[in-house]
Amino acid sequence: MADMLEIRWHGRGGQGAKTASLLLAEAAAMEGKYSQGFPDYGPERMGAPMRGFNRISEEPIRLHCAIYSPKIVVVLDDTLISTADIASGLPDDGIIIVNTLKKPAEIRAELGLEGRMIYTVNATGIAIDEIGRPIPNSPMLGALVKVSPFLPLESVIEQIKKKFSHGFRPEVLEGNVRAINRAYEEVTSE
Amino acid sequence: MREKSWREIPIGGMIEDAGNADTYETGSWRTYRPIWDAEKCIHCLACWIACPDSAIQLKDGKMVGIDYSHCKGCGICAFECPDKIAALEMKLETEVND
Amino acid sequence: MARRLTLSGNDAAAEAMRQIDPDVVTCFPITPQTELMHKFAEFVADGEVKAEMVLVESEHSAMSAAVGAASAGARVMTATAANGLALMWEIVYIAASNRLPIVMPVVNRALSGPINIHCDHSDTMGCRDTGWIQLYSENAQEVYDNVLQAIRIAENPDVLLPVMVTFDGFIISHTVEVLDALEDKDARGWIGDYKSTYSLLNTDEPATFGPLDLQDYYFEHKRQQIEGMNNATAVIKSVGEAYGKLSGRAYGMTENYKTDDADYVVIALGSTCGTAKVVVDEMRAEGKRVGLLKLRSFRPFPHAEIVAGLASAKAVAVLDRSVSFGAPGGPVHKEILAALNGTGHTTSIVNYLYGLGGRDISTTHIRTVFEELETVAGKSIPADEVRFIGLRG
Amino acid sequence: MPAPKQLAEREDLMSGGHRACAGCLPMTAMRQMLLTAGKDTVVGCATGCVEVVTTIYPYTAWKTPFIHNAFENSAATISGAEAAYVSLKKQGKIDKKINFVAMGGDGGTYDIGIQALSGAMERGHNMLYICYDNQAYMNTGIQRSGGTPKGTATSTTPAGKVIPGKTQFPKPLTEIMIAHDIPYVAQATPGYPKDFSDKVEKALAIDGPAFINVLTPCTRGWRYPPEQSMEYARLAVNTCFWPLFEVEYGVIKINRKPKNILPVSKWFEGQGRFRHLFKEENKGIIDEIQAEVDRKWTLLLKREEMTQA
């Protein structure tokens, strides 16, 4: 299972962390990979900190326990940095991607973290511009596959199209696609 | 009815023979017996519609007798028979010559 | 031809239900079963199924209406979890006693209290003597496969018993993963038509269902039920083989994973088995002879497969995800001891209680269990010795 | 509309040989219901006297399909059977018209079964629910139910030195069913067979859920001589304790307005369960019940006038 990629998403209820993790699982499967997507479940409602998870592998995935040491952590809301233990279990070569206006170095300072790689992108801004709503999950998927190219951008976009082709206006779909592309371009490293 | 083995009966407690309670005789429950006087009877069927045991026998919409194999002797029939007609009378089983 | 899908366990069950397209589906929502029924309700709303969906006011009525519909000759399904299963419990017995082949996915969840929505097996283990067949599923793939097989098992004339297909709440029900599904025509061909022996709707041959059954016949009817459950073992195997020919995924009563020469064997059911297989592979790579015995069918209980699977075992860990309060060990443990009784097995058997209320069981935990087995081999373990996994001391 | 003469042409679908008490009026109600509904009728009954006495394995008194499931779920069980019918009909697998009748005693209806009943009515199944109300849990030994009248001596509300029988008025079940806004609700009794038969016929003809509350005197539980079962049913009507009325799509019609309304004490007299009420110290209870009966009867007359308008 050495080749298995594990990802943890941090967000608040309503920001789409669960949707993003499920969407990513589907996109990976579409690429012929094996995948899992699952959220933490509790009684929390809109606004509460919550987490989503992914496993992605070339081989069938048998593990059904919690993810303790993700390779990548995606943070949908930078206000979580001070409250959620976002670096928990992250190995030295792990990656953190944060939706924020701040620079990676500022995030590193806030976290007091050494090692690992930190990336930032203004996903909320992009979402407001392109989709008209501050839902950062789609652009963060774009940033994620840029930082760790385990999936082609096209397959994520394809999955988004599938997801939004039913029951959504075409503008929403197109906005999401633009948002993913922009985040893919705009995500910055240290 | 001979008690059957588990291999001989339908599964799930199904009873396939609708209305087979008919073969179970409750007539022995009686202490009083309704005696019907065909001459007096006006066939109003007040007894028949009230009988809890389907024991009033009809033919072509007219009363023809009492099913003593099921009649429990409750006496509703005689009570419901119009007072002026009085075609049904309850008698102690021990007093009735069978 | 398989269709590769990415679905949660709940959606996998719903997908199988879409293909089965029962005549009647009764339903009352309970976490973590809700999304299964949401998905099926979408199929109904979109006209993809012909099923009549009865949205009842309680689980008690869900099972009651299922009994009514099945008695009317319909193919019937419902689904529930935990407290919902407990509320329908009285009628769960009646469904089995009346020999109604109802199939019910049960999403395993801790049975209160205090109230908890996460996985353990206290709900279905509490139902193990209701007369239902119980198939436990490791992942979404098995959820889908088991639901399709359950119909054939339940409706087999030698069986005619209801089937619970269980899967772990959230761990399986809410995890999206990859599975292969049958093409619709293959699934429909597999399921076939259903013709019940009796039907309330047959007014020309009226029958009485659910009579008062006293000292003179009740025992005979229970004996028939025992026979149906006994017959189920062969039927589960033959259905599992036939399904293997159709789908490439064959099933048995158990999955004996690398147990053939194993010194140390873990016995478990549900999602934990997947995690345990990973540990078995890792430890095998390290040269350790370890294996997993996965119970797929808990009712009927797979005695023969267990005896075979433990043939070489020096020590065995039985993992229970529910408590049998006051009994020596959990329900699975007791059954394993009973299965080995009289077979001459001298294996050391240790009972572990784990995962109550959704407490995670990790690869590290399972590795520790195997390591502990190495230390107990050859020792006599008291039947009432229970060890705990992941419990704060 | 069927009177006994017309019903006599039909097949009696309840066999003799069931084990009900001599003089059991619930069984008379069953016969009358079946004569009206006919053979293409699926009947379900809650656990209780009727179910027990008619289906002692290997015997059944039912000549129609019959199902007993449990105590509290007669309405849910029949709603499932009806759903199966709808499904199979939709698929072209069945064609003929079938009636669905769910039943329960007052225990199985007023009390333990009210949730399933309420749910089935709300869902709008095309079925008739009949409560055969004998005003206590007779099957288990005459314990009080939510339908037991105030002042009644039962096994669980005995007429004691301190407490003179049941202290509460009965739950107004018929009114609760009217409040469900279903197409048809009625009160009846086999003591008036034509009225009851008319109501069953109407309820089955209507598309959607219907409910009939049927007062069925119980010789054992009420403690009167068995031959007087029909008479006690009629007395309940003629004292206005049990008005015969129906509510069709919200419009109330009183089916029998007694010319000489008798005092409720006339109905109580001769019933052992009310004997203690005639003691001097309990007279006030009869007055209280009479006042309540008067109030409800007056209100019913006004409601009839109001809804007929």
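What you see is a predicted model, and the numbers here were worked out from it, not measured in a lab. Proteins get letters first, then strands, A, B, ... in listed order; numbering begins at 1 in each.
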Interchain contact, [X] with chain A, by part (heavy-atom threshold 4.5 Å):
X: C:Asp281; result: side chain
X: C:His365; result: neither
X: C:Ile172; result: side chain

Starting from the C-alpha separation in whole Å, work towards a yes-or-no answer on side-chain contact (heavy atoms from CB on, under 4.5 Å) for A:Leu63 and C:Lys277. CA-CA 8 Å; A:Leu63 283 177; C:Lys277 283 176 189 170; over 6 Å; no
Backbone of A:His64 reached by a side-chain donor or acceptor of C:Thr275 within 3.5 Å: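 Checked: pair present.
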Interatomic distance, C:Asn139 atom CG to A:Gln36 atom CD [nearest 0.5 angstrom]: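 Taking CG in C:Asn139 and CD in A:Gln36, the distance rounds to 9.0 Å.
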Most chain A-contacting option - heavy-atom pairs closer than 4.5 Å, from C:Ile361, C:Val176, C:Thr6: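 Top option by heavy-atom pairs under 4.5 Å: C:Val176.
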Is a salt bridge present between A:Arg62 and C:Glu255, judged by a nitrogen-to-oxygen distance below 4.0 Å?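 Here A:Arg62 does not pair with C:Glu255 in a salt bridge, since their nearest N and O are not under 4.0 Å apart.
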Taking atom CD of A:Glu114 as the centre, does the number of heavy atoms from other residues, nucleotides or ligands within less than 6.0 Å exceed 12?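 No, not enclosed.
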Got more than 12 heavy atoms from elsewhere within 6.0 Å of CZ, C:Arg284?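 More than 12 within 6.0 Å, yes.
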Enumerate by number any residue of residues 65-101 of chain A whose heavy atoms lie under 4.5 Å from heavy atoms of chain C; in the absence of such residues, state 'none'.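 If one takes a 4.5 Å heavy-atom cut-off, the residues of residues 65-101 of chain A near chain C are A:Cys65, A:Ala66, A:Tyr68.
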Is any residue of residues 21-35 of chain A within less than 4.5 Å of chain C by heavy atoms, and which ones?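 Interface residues of residues 21-35 of chain A: A:Leu22, A:Ala25, A:Glu26, A:Ala29, A:Lys33, A:Tyr34, A:Ser35.
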